[in-house]
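To find a chain, count down the sequence lines: A is the first, B the second, and so on, and within it residues start at 1.
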Amino acid sequence: MAEPLFDEQVPLYELRDAHVRYRTPAGEVSAVAGVSFDVAARGVTVLAGPSGSGKSTLLRVLGLIDRHTSGSVAWQGRDIGRLTHRARRAVRRDRIAVVFQAPPDNLIGHLTVAGNLTAAAQSAGRPAADPAILDWLGIPGTGTWRVSALSGGQQQRLAFGCALARSPAVILADEPTSQLDAASAALVLDVVRRLADRGVAVVAASHDPDLVAIGDRVVRLREGHIEEVAA
Amino acid sequence: MQLPWRAAPRAAVSSPLTVLVAFVAALLLSFVGAAAVLHADSAGSAAVAYQAGRLCGQTVPPVVDGNRVTVADANTILRISADQGRAAGFTTVVGAVYSPVRQWDFNGPHPWSQFGYRDGAMDNLRVVEGGSRDGVWVPRSIAEDAGIKIGDRGLDGTLPPVTAIYADVSDPVPAYWCSEQQRIVPNPLATEGATAAVIWFPSLASFTESMGPPSGNAAAVTVRFPTETPKTTDEAAALVARGKTVVDGVTAQLRTQDKARLVMASNYFAKPVEVARSAESTVLGAVLPLTVISLLVGLAGVGAVTVQWVQRRHAELRLLWARGAGPIALGWRAVLELAAPLLGGAAAGLVAARLTLSWYAPSTALTDGTVGAAALVATGVLVAALLVVGAVTAARTHREFQAGSTRGMSRVWRLVPWELITAGLAYLAWARLDSTPTKLQFGQPLPQTADAVGLAFPLLVVLTVALVTVRLARWALSAGHRANLWRVPAVHLALRRLSAAAGSAVGILLVGTLAVGTLTVGVGVADAQSEALDTKSGLFVGAESTAQIPGRVAAAGLPPSLAEHATVVGVVKTGESILLAVDPKTFTRSAWLGDRDTADVDAQLSSLTGASGPGLRALRVGSTPDAQTELPRVGAVRPVGQVPSFPLIGTGRGYVVAAAALADPARIDVWQVWSTKPIAELVAELDAAGIHHLHSRSKALALDGLPFLTVTWTFDFVTALGMVLAIVAAAALVLAVEVRRRQNALAGALATRMGLRQRTLVGSHLTELGSLAGVSVAAGSAAGAACAAVSAPMLDPSPWLRPVASAPDLVPLVSTTTSVAAAVVALVCWSAVRSVTTARVGELIRG
């Protein structure tokens with residue numbers, strides 16, 4: 001019998017002395033240097049810190065996009081360092097949604113808005129996305145539009161809509177408001193908050209104070225180390 | 001199937017440039033693969049056509065000949081042969097029967113003559129008097145010599161009356177008579193009574209009735225089965241198979257009557273069919289290495305297009321991957337998007353290969369099923385291209401997203417010493433060429449050296465040079481990162497750009513050098529063999545056409561119409577040398593001199609007519625001793641000059657003297673007329689002038705050119721592949737600039753706003769693109785020319801017949817290549833500079 005992929009009673013992530021090191025022409029760089037914390041299955045967790053603090057790297061490790069170099073990172077109690085490529089893809093496909101920094105990077109440009117929602121739902125093996133999701137995102141009537149017809153803020157909200165359409169256990173968002181103006185960013189933050197209210201765990205990497213402010217937990221990073229974990 | 005995959009084919013239209021490049025890449029790939037198949041088959045067809053053209057058309061199908069038979073037996077042979085021929089599908093059967101050559105009585109005179117009947121003979125004679133078909137037809141020569149008139153009856157009045165006098169059939173004979181030439185055109189040099197013109201009966205029945213008893217058992221019979229000349233090897237093989245049925249059937253039936261020994265039934269075209277098939281397989285084997293290399297280059301091009309596509313679709317691929325799609329699924333996504341342009345390109349390439357067959361292949365006739373085979377190859381190439389697209393995408397996404405490293409096998413591939421491997425293979429091919437004696441084997445279209453391995457030698461050298469060029473360029477570009485040439489800003493900028501895009505730069509260099517090299521070696525070797533065949537044929541015959549004429553005509557001089565393009569040459573052949581007696585005033589305008597300067601030859605010949613001393617003034621040819629010598633029929637000759645070769649004598653031993661200086665022209669063995677006109681025109685004019693002639697020869701048919709042609713066909717295809725590669729190289733240059741158009745425009749626009757002069761900008765692009773094109777042309781031309789010079793004599797199928805093939809003057813080709821490369825560079829440079837001058841910096845920065 002297949003192992004269940006998600007259990008709400010177990011923390012989503014458990015990081016213990018996790019390290020991520022890169023090789024560069026200048027030598028080895030430690031982007032994440034021995035961090036340990038848990039990510040709960042609900043609420044908004046913000047990885048905060050200045051540029052170069054390791055928050056985006058850490059987010060990619062949580063998204064099973066990059067691998068940690070040492071220590072342990074567990075997903076639902078299972079050490080993801082031991083997972084095969086296929087198993088990692090299965091976790092990403094069924095339980096994780098990622099929202100990248102640049103709005104166009106989260107959408108498929110040659111599909112319509114509705115097409116993007118459908119593609120996102122299909123990618124996780126879900127039924128077609130609820131058409132009402134556009135109303136919920138604040139971009140009603142745009143289903144037949146090309147993605148390029150949306151503004152940056154609308155695109156980023158649609159990106160969260162796509163993530164929602166996948167019904168993930170967690171949405172990982174990397175600097176989701178950094179390329180938006182204040183008004184658009186506020187709308188995106190509203191969507192993030194409401195996603196959390198619907199029971200979806202959100203982990204966001206950001207140095208945007210407004211985003212940090214809506215976090216249920218804030219993990220402050222500096223030079224790869226945890227500076228502070230605040231509730 | 002999920003939406004992103006389902007919508008992939010439509011997504012292709014969002015990037016017209018990628019679609020176009022994928023289409024063109026598949027077109028060229030498919031063209032190369034299909035053209036190789038079509039070309040090889042075409043070579044077989046051309047070999048069939050060439051050999052059929054050298055034979056009498058009536059001897060291409062089976063032939064049945066019988067000698068020393070009774071007229072009754074001749075009738076039996078004719079009947080059985082006709083039955084067997086029709087049973088084998090030969091709808092036309094031409095039978096002939098001839099009496100022996102005798103001094104048959106014709107009311108007193110007894111001219112040497114023979115009687116004959118041939119189906120359709122009277123339809124193929126030119127009547128000069130009379131014309132009724134109920135009597136015998138007499139040739140004019142016999143009628144005039146024996147005083148025979150219309151209405152006369154020979155053999156004591158037992159023959160039908162003479163109802164027509166016809167013009168003698170002369171050499172070269174029309175197609176209808178070609179198989180009968182030996183019987184119907186008298187040879188004045190033959191023993192008296194051995195040959196004679198024919199008096200034709202109107203029917204077989206009348207011949208049988210009149211000639212049965214007097215011919216005894218000395219009649220001759222011939223049966224021909226004229227049919228359409230086969231155009232392909234399969235058609236030829238089918239004809240030979242039908243011919244075998246006829247030959248076997250006739251022999252078997254005659255054997256039952258114990259008369260099989262009376263005939264010789266033959267299938268002369270069986271061997272040419274074998275030779276044609278051998279030529280076909282040789283050409284295919286020879287073009288295969290470069291075809292494979294070209295296909296690999298093309299597939300590498302498809303790989304490059306895919307890499308470009310991966311870069312364009314990077315965000316979407318990353319998104320799909322982040323959503324759980326694996327590398328194979330992403331590779332499938334790429335295949336779905338690029339399949340349509342690749343399929344379209346492959347189809348277009350196949351169509352182009354078929355439609356342009358006459359441009360690159362020696363014949364447009366193809367065996368049934370060849371186009372299907374070419375389509376299969378094109379399909380295979382398409383499948384390979386799709387696999388490359390899928391595999392490259394899968395590999396790139398795995399490496400970038402999954403393995404977390406952008407460095408991989410490319411470094412390992414770079415470390416492999418490819419140039420040493422190809423150099424080793426080239427050395428092995430050369431050693432084989434060098435150690436194998438150049439000789440033709442019976443029934444083989446090529447000398448032993450000119451097999452696939454031998455023919456691959458020049459291509460391996462070109463490939464080695466291209467790889468060495470790439471290796472050196474890579475090192476230079478690595479060093480270019482550190483070079484500081486700001487004193488020459490244009491060069492500095494060019495070097496920086498080249499170093500930053502080293503991958504595409506060395507790719508263009510590789511394809512460019514390979515293209516120019518193969519183009520040069522292809523043209524060089526093909527032209528060398530063509531020129532060698534032309535030169536050898538020219539030297540062998542002496543002129544475009546020649547014919548032997550009576551000495552009295554030579555003494556009296558040619559009629560004005562002939563004198564315009566012909567000269568008279570006396571020929572004396574001794575055991576060791578050939579002596580030619582020429583007319584210095586008309587010789588150079590009529591003889592074949594190749595690329596020799598007419599004025600030089602005129603000057604040398606004029607020295608023969610100077611004041612006479614002891615002996616006849618002569619030019620000695622080749623290594624003929626420089627000493628006065630005594631020759632039969634002409635006496636003493638005294639060399640006053642030397643020429644390395646001379647028409648008819650070649651590079652062998654011989655002398656050239658002035659005919660006017662001969663003491664006794666009547667002692668010359670043979671007088672010939674040499675003309676610049678084709679043989680048919682020369683003969684027609686001789687006939688019109690009433691000059692009897694024989695032994696006519698044509699430069700075009702003097703030598704069996706098939707071995708030369710096979711080498712030429714092979715390298716003609718190499719040339720075609722070189723042109724395809726050149727197109728790829730030019731397209732790669734355009735693409736390399738186009739893909740970084742935006743980056744280039746932004747950098748250029750900012751630099752010009754910071755004070756970079758327009759002249760420097762143009763200069764930097766010209767230096768960048770010109771250095772790539774220049775190195776390609778220089779390295780490729782040098783390698784190609786050197787290989788052609790080395791290979792051409794080694795691939796000469798008949799080196800014993802001088803001069804040996806040598807590489808032609810390649811300066812015009814190199815000049816053309818350079819000009820085209822310069823034009824491409826100028827065009828691409830203009831495009832790059834225009835993108836800078838028309839750039840809107842604000843939009844570029846915003847993205």
Side-chain angles (χ1 to χ4, degrees), chain A residues 20 22-23 57 59-61 63-69 84-112 114-126 128-129 146-148 159 162-163 165-166 168 172 174 179, chain B residues 1-16 18-19 309-334 336-338 340 394-395 397-408 411 478 481-482 843 845-847:
Chain A
V20 181
Y22 293 120
R23 280 189 185 152
T57 302
L59 199 73
R60 284 201 296 276
V61 170
L64 279 67
I65 294 170
D66 284 352
R67 286 180 185 269
H68 57 285
T69 317
T84 62
H85 287 310
R86 180 187 292 268
R88 290 165 70 86
R89 283 205 302 274
V91 173
R92 282 203 307 273
R93 181 180 65 234
D94 296 330
R95 288 296 153 191
I96 298 174
V98 179
V99 176
F100 296 108
Q101 186 172 2
D105 288 354
N106 296 304
L107 303 168
I108 298 173
H110 55 87
L111 297 180
T112 61
N116 270 279
L117 289 170
T118 303
Q122 286 177 340
S123 67
R126 313 285 185 239
R146 308 285 299 184
V147 166
S148 54
C162 289
R166 289 168 47 76
L172 304 171
D174 187 11
Q179 296 194 2
Chain B
M1 193 184 287
Q2 295 177 22
L3 189 55
W5 280 262
R6 225 170 46 235
R10 284 200 310 277
V13 296
S14 66
S15 177
T18 305
V19 170
W309 180 88
V310 168
Q311 285 172 0
R312 278 187 68 82
R313 294 270 182 246
H314 183 268
E316 180 180 337
L317 293 174
R318 187 177 66 161
L319 183 64
L320 294 174
W321 181 78
R323 289 175 177 174
I328 293 175
L330 297 177
W332 179 231
R333 164 74 182 78
L336 287 173
E337 181 165 336
L338 294 176
T397 51
H398 167 78
R399 207 170 72 187
E400 194 168 342
F401 302 145
Q402 205 155 266
S405 166
T406 55
R407 290 185 174 186
R411 174 164 293 219
S478 296
H481 276 300
R482 296 182 293 277
E843 288 181 12
I845 291 174
R846 272 199 301 277

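The residue among A:A120, A:A163, A:A124 with the most heavy atom pairs within less than 4.5 Å of chain B is A:A120.
If you measure heavy-atom distances from A:L111 to chain B, the contacts under 4.5 Å come from the side chain alone. Contacts between A:L172 and chain B at a heavy-atom distance below 4.5 Å are absent for every atom of the residue.
Two residues are said to be in side-chain contact when any heavy atoms from C-beta on lie closer than 4.5 Å; A:I108 and B:L3 fail this criterion.
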Could you show, one pair per line, the donor-acceptor contacts under 3.5 Å between chain B and chain A?
{"from": "B:Q2", "atom 1": "NE2", "to": "A:Q122", "atom 2": "O", "distance (Å)": "3.4"}
{"from": "B:L3", "atom 1": "N", "to": "A:Q122", "atom 2": "OE1", "distance (Å)": "2.6"}
{"from": "B:E316", "atom 1": "OE1", "to": "A:H110", "atom 2": "NE2", "distance (Å)": "3.1"}
{"from": "B:E316", "atom 1": "OE2", "to": "A:H110", "atom 2": "NE2", "distance (Å)": "3.4"}
{"from": "B:R318", "atom 1": "NH2", "to": "A:D105", "atom 2": "OD2", "distance (Å)": "3.2"}
{"from": "B:W321", "atom 1": "O", "to": "A:R92", "atom 2": "NE", "distance (Å)": "3.1"}
{"from": "B:W321", "atom 1": "O", "to": "A:R92", "atom 2": "NH2", "distance (Å)": "3.3"}
{"from": "B:R333", "atom 1": "NH2", "to": "A:H110", "atom 2": "NE2", "distance (Å)": "3.2"}
{"from": "B:Q402", "atom 1": "OE1", "to": "A:R89", "atom 2": "NH1", "distance (Å)": "3.3"}

